Amino acid sequence: MPMSIAVSAAIRPSRRLRWLHALLCVLVLAAAGAFRQPVPQCVMVGAVFVSACRRRRGVNGVRLDISGVGGIRLAVYQSNARSKEQGKEQGKEQGKERNSARNEAGNDVGPAAAHARDGPELAAAGREVWLMPGSTLWPALLLLRLRSADGTVFWLPVLPDTVAPDVLRRVALAMRAIAAKGPPVA
């Protein structure tokens, strides 16, 4: 009986990657001090400033769902601040309806739904993505090059500190099986 590659993983932002990025910025600043000419110093300091201030994608984490036949769905977690602001706006608009926790059909969905607005939320049901050539699939490092239906290509790093070890192993096996099938036909 063939093994299913279905797996679902919540991928957190990597602390190691943030520390490595900070270390790289410090090293570039130290290297800038070694130059006697002001132009290379300014270029290096500017590069560190731009790199440190650049907005990061995926900082809030993502949910990666792989089906048994190799379909990949990716949902991005929204930040807590955004969720709380949306919850406040919905509370103002809905008034007492927010406390009753009812859906569009008027059915009571229980207290869990009322409290779901206070934590991180998933963006809708996610979007379907495909694994592209150029992805790195090592045992302890996955750099997934993914393409969505609208043609957007992005990278998703999956490191040992972003998921549990057994989940990393299962995701790596599933990605290798998907890569063995080959790229999707456009």
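If you're wondering where the values come from, they're calculated on a predicted model, not measured in any experiment.
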Polar contact flag, side-chain donor to acceptor under 3.5 angstrom, T152-R147: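 T152 vs R147: no donor-acceptor pair found between side chains.
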Main-chain N/O of [Y] paired to [X] side chain as donor or acceptor, under 3.5 Å:
X	Y	answer
R127	A149	no
D65	S8	no
E128	R73	no
D161	S14	no

CA sep, side-chain torsions, deciding dist, call: V129, F154, side-chain contact (heavy atoms from CB on, under 4.5 Å): CA-CA 10 Å; V129 295; F154 53 94; 3.9 Å; yes
Quick one: side chains of residues 171-179, donor-acceptor pairs under 3.5 Å with protein atoms, not counting sequence neighbours, listed by atom name and distance.
none

side-chain contact (heavy atoms from CB on, under 4.5 Å) partners of R145, counting only residues at least two apart: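 side-chain contact (heavy atoms from CB on, under 4.5 Å) list for R145, sorted by chain: M132, S135, V153, W155.
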Which residues share a side-chain contact (heavy atoms from CB on, under 4.5 Å) with A6, sequence neighbours left out: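 Counting only residues at least two positions away or on another chain, A6 forms a side-chain contact (heavy atoms from CB on, under 4.5 Å) with S4.
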Spacing of L64 atom CG and I11 atom CD1 [to the nearest 0.5 Å]: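 If I round to the nearest 0.5 Å, the distance is 4.5 Å.
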Path from L159 to L74 over hydrophobic side-chain contacts below 4.5 Å: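 Result: no, two separate clusters.
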Pairwise side-chain contact, R169 with P139, heavy-atom cut-off 4.5 Å (strictly under):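 With C-beta onward as the side chain, the pair stays apart.
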L137/L144 under side-chain contact (heavy atoms from CB on, under 4.5 Å): CA gap, chis, key distance, verdict: CA-CA 8 Å; L137 304 175; L144 306 178; 3.7 Å; yes
Pair L23-L27, side-chain contact (heavy atoms from CB on, under 4.5 Å): steps then yes or no: CA-CA 6 Å; L23 177 64; L27 290 175; 4.2 Å; yes
